[in-house]
K.L.:
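Input: one structure, supplied below.
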Amino acid sequence: MKEFYINGAVMKCYPLCAAQRLHNYTIKFCPTQVLCIGTGLYVKQDVDFTLLKKAVYKAYEMFETMRLRFVCDDDGNVYQYITPFEERDVPFKDFSSWNEEDAHEEMRKWTAVPFERYNSPMNRVVMIKLPGGYSGLYLKVDHMTMDSSSIIGFNRAVLETYCSLKYGTEMPAPMQSYVKQLEKDLAYEADSPARKKDEEFWLNYIGESEPMYTDFAGQGRLLTQRRENNNPDQRCAMIISKSPVASISVYPLEKDSSMRLMKFCELYNVPMASLLLMGLRTVLSKFNDNEKDVSVKTCIARRGTLLEKYSGGTRIHFFPMRTVMEPEMTFLDGVKMIQAEQNKIFRHANYDPIEVNMKRAEHWKNIRGTSYESIALTYQPLSLKKNTKEMPDIPYKSFWYTNGVAGQPLYLTVMHRPEDNGLNFSFEYRVDAVTEAEMQYFYYYLCRVLFRGIEDETRTIGEILEMI
């Protein structure tokens, strides 16, 4: 911890945690708006915007990370600090006379504008009135201050506070301290026994054997690079693009089909993330000559304790999740293998993911910018849908707005829709790495794998690969 003299006051400033360093590392190679996350939460009712503004201010008080800012010292090291509560303006924008898609496009443009990095607010809240009777909030945050769990928590706090002010329901429960959790994270990183144990795990994980790169568009990328490098045994691939320009394609899975996936997970007591990873790795196998050795980047939310769950901030770590599956293995056994691998990673997920990537590259003597994973997955089970006395069951809809750039070729986020709890598959992709048509093709095969697997869990991987 260091003290900085900021705006006439001495502020306690803390180093970045590992999850934040990952994002800070990203902007060294990508435009700064890569860290902007834009979301919209809109309820179908006549909103009292005076009360809504009061609810936003109350949520600002509750969430320390909404008041999180950054400072850079003379050596270029980045630190963070919490400002006292301040009543920054919460503007209002009336889109009710607009075409709704034009309104969302305008908010996408807002999302593409980066924040000032230092000694400046790292979020923006705008009260919105949409056509069709929906009103609510647009929220833009910097990813170094909040992740999807934090964003959903903030939106829930605003909505519950608004309902309390308007209907007399209970106020939301207090948040936990971000600083207290940060201090725990920094203590872990200070050469703690837990960190040493995690490092030993990852060194063993890395050194078992070299993975194989499998691309979402087939073998072309790896085969081309093998020829260019005159290395027929090359197993990693360069994934850095010339341009970070990105787009998002969202594919809604029908409610009934979504429920079938959820019932399968419930019946066999497996996480949805494990089922989705099984689908992804099987499609990657299919597209790469039935390759047995497949790796995917998996997202670990690290929200296991009450302090982690309710302290806000950004806690997501991405790690390689590698599986080698024989064609004779059944679909269900494959899902359970992934579940077991995920459980191993969960136990060591506090380790710095940048360190894992660097140590892996060093061990296998890989060129900077190469990887064994072509796709990353996040499954976000959280929803605002709730039927309790704390929050009336008000119809609502939510949006995630692209910032126009991406730090990796392909990133799949699977979330539940608020209106029917069905699944939305959101593919964020760099436009020079993949086309929307290729995304549709990939999603089509992903669904084929998932439903061929759950309709008969004893089917082998080899049988499914032949069927699709």
K.L.:
For V47, does its backbone N or O pair with a side-chain atom of S135 as donor and acceptor, under 3.5 Å?
P.N.:
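Absent.
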K.L.:
Quick one: is the NZ or CZ of K93 closer than 6.0 Å to the six-membered ring centre of F95, and within 45° of its axis?
P.N.:
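Ring-cation test returns yes.
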K.L.:
Using salt bridge (charged side-chain N to carboxylate O under 4.0 Å, His left out), reason through D352 and R21 one step at a time and then give a plain yes or no.
P.N.:
CA-CA 9 Å; D352 188 342; R21 291 197 300 272; 3.0 Å; yes
K.L.:
Take the angle between the ring planes of F154 and F63 and call it parallel below 30°, perpendicular above 60°, tilted in between.
P.N.:
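The arrangement is perpendicular - the two ring planes meet at more than 60°.
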K.L.:
Got a second to check how far C13's SG is from E3's CD, nearest 0.5 Å?
P.N.:
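One gets 8.5 Å once the value is rounded to the nearest 0.5 Å.
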K.L.:
Side chains of W400 and S426, heavy atoms from C-beta outward: is any pair under 4.5 Å?
P.N.:
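Answer no - side chains too far apart.
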K.L.:
Ignoring hydrogens and geometry beyond distance, is a side-chain donor-acceptor pair present between D94 and S96 at under 3.5 Å?
P.N.:
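Yes, S96 and D94 have a side-chain donor paired with an acceptor closer than 3.5 Å.
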K.L.:
Working to the nearest 0.5 Å, report the span between OG1 of T298 and CD of E373.
P.N.:
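If I round to the nearest 0.5 Å, the distance is 10.5 Å.
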K.L.:
Answer with yes or no whether the side chains of Y178 and Q80 bring together a donor and an acceptor at under 3.5 Å.
P.N.:
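The criterion, which ignores hydrogens and geometry beyond distance, is satisfied for Y178 and Q80.
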K.L.:
Is a salt bridge present between K180 and D185, judged by a nitrogen-to-oxygen distance below 4.0 Å?
P.N.:
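Here K180 does not pair with D185 in a salt bridge, since their nearest N and O are not under 4.0 Å apart.
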K.L.:
Flag the pair E341 and R322 as a salt bridge only when some basic side-chain nitrogen lies within less than 4.0 angstrom of an acidic carboxylate oxygen.
P.N.:
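So E341 does not pair with R322 through a salt bridge.
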K.L.:
F319 vs W202, test: ring-ring contact (aromatic ring centres under 6.0 Å, His included). Steps then yes/no.
P.N.:
CA-CA 10 Å; F319 291 107; W202 283 111; 4.7 Å; yes
K.L.:
Rounded to the nearest 0.5 Å, what separation is found between the OH atom of Y443 and the CZ atom of F427?
P.N.:
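That separation rounds to 8.0 Å.
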K.L.:
Regarding R88 and Y60, do their side chains bring together a donor and an acceptor under 3.5 Å, going by distance alone?
P.N.:
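The criterion, which ignores hydrogens and geometry beyond distance, is satisfied for Y60 and R88.
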K.L.:
Does the side chain of S241 pick up a donor-acceptor pair with the side chain of R430 at under 3.5 Å?
P.N.:
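The answer is yes; a qualifying pair exists.
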K.L.:
Once you round to the nearest 0.5 Å, how far does CD1 of I300 lie from CZ of F318?
P.N.:
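It comes to 9.5 Å.
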K.L.:
Have N24 and Q20 got a donor and an acceptor in their side chains that come within less than 3.5 Å?
P.N.:
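Not at all, the side chains of N24 and Q20 share no donor-acceptor pair under 3.5 Å.
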K.L.:
Please test E308 against R315 for salt bridge (charged side-chain N to carboxylate O under 4.0 Å, His left out), starting from the C-alpha separation and ending with a verdict.
P.N.:
CA-CA 8 Å; E308 290 171 344; R315 301 197 53 77; 3.6 Å; yes
K.L.:
I need the L377 CG to M321 CE distance, nearest 0.5 Å.
P.N.:
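Taking CG in L377 and CE in M321, the distance rounds to 9.0 Å.
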K.L.:
Would you call D198-R347 a salt bridge at under 4.0 Å N-O?
P.N.:
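Between R347 and D198 there is no salt bridge, as every charged N stays at least 4.0 Å from the carboxylate O atoms.
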K.L.:
side-chain contact (heavy atoms from CB on, under 4.5 Å), that's the test. Do I375 and Y411 meet it? Break it down for me.
P.N.:
CA-CA 6 Å; I375 186 170; Y411 183 9; over 6 Å; no
K.L.:
Within 45 degrees of the ring normal and closer than 6.0 Å to the centroid, is that where the cationic atom of K140 sits relative to F115?
P.N.:
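K140 over F115 ring: yes.
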K.L.:
So Y205 and F201, would you call those rings parallel, tilted or perpendicular, with 30° and 60° as cut-offs?
P.N.:
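Geometry flag for F201 against Y205: tilted rings.
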K.L.:
Return the set of residues passing salt bridge (Lys or Arg N to Asp or Glu O under 4.0 Å) with R302 (not counting sequence neighbours), or none when no residue passes.
P.N.:
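R302: no salt bridge (Lys or Arg N to Asp or Glu O under 4.0 Å) contacts found.
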K.L.:
Should K12 and E183 count as an ion pair when the cut-off is N to O under 4.0 Å?
P.N.:
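Here K12 does not pair with E183 in a salt bridge, since their nearest N and O are not under 4.0 Å apart.
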K.L.:
Show, in sequence, the C-alpha distance, side-chain angles and deciding distance for D420 and R417, and conclude whether the salt bridge (charged side-chain N to carboxylate O under 4.0 Å, His left out) test is met.
P.N.:
CA-CA 6 Å; D420 62 3; R417 292 186 299 273; 3.1 Å; yes
K.L.:
Taking side chain as C-beta onward, heavy atoms only, is W98 less than 4.5 Å from K129?
P.N.:
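Of all side-chain heavy-atom pairs linking K129 with W98, none is under 4.5 Å.
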K.L.:
Looking only at the side chains, is there a donor atom on one of R303 and S150 sitting less than 3.5 Å from an acceptor on the other?
P.N.:
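Side-chain D/A pair, R303 to S150: present.
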K.L.:
Who pairs with D73 by salt bridge (Lys or Arg N to Asp or Glu O under 4.0 Å), at least two apart in sequence or on another chain?
P.N.:
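Expected list: K2.
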K.L.:
If only side-chain N and O atoms count, and only distance matters, is there a donor-acceptor pair under 3.5 Å linking Q380 with T413?
P.N.:
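The answer is no; no qualifying pair exists.
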K.L.:
Answer yes or no: is there an ion pair linking R108 with E105, defined by an N-O contact shorter than 4.0 Å?
P.N.:
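Salt bridge present between R108 and E105.
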K.L.:
How many angstroms lie between NZ in K53 and CG in L137, if you round to the nearest 0.5 Å?
P.N.:
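Result: 11.5 Å between the selected atoms.
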K.L.:
Let me see the working for E160 and K58 under salt bridge (charged side-chain N to carboxylate O under 4.0 Å, His left out), right down to the final yes or no.
P.N.:
CA-CA 11 Å; E160 288 184 355; K58 180 62 179 177; over 6 Å; no
K.L.:
Would you say the side-chain atoms of T111 and Y138 include a donor-acceptor pair closer than 3.5 Å?
P.N.:
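A pair is found: one side chain offers a donor N or O, the other an acceptor, under 3.5 Å apart.
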K.L.:
Under 30°, 30 to 60°, or over 60°: which ring-plane class applies to F4 and Y79, parallel, tilted or perpendicular?
P.N.:
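Rings of F4 and Y79: tilted, 30 to 60°.
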K.L.:
Start with the C-alpha gap between F425 and Y251, add the side-chain angles, then the distance that decides, and say whether ring-ring contact (aromatic ring centres under 6.0 Å, His included) holds.
P.N.:
CA-CA 5 Å; F425 289 71; Y251 303 107; 8.6 Å; no
K.L.:
Can you confirm whether the side chains of Y25 and N357 place a donor and an acceptor under 3.5 Å from each other?
P.N.:
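Side chains of Y25 and N357: no pair found under 3.5 Å.
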K.L.:
Indicate yes or no: at least one non-hydrogen side-chain atom of M107 is less than 4.5 angstrom from one of I128.
P.N.:
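Yes - at least one pair of side-chain heavy atoms lies under 4.5 Å apart.
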K.L.:
Is there a ring-ring contact (aromatic ring centres under 6.0 Å, His included) between Y213 and Y372 once you walk through the steps?
P.N.:
CA-CA 4 Å; Y213 177 82; Y372 299 101; 8.1 Å; no
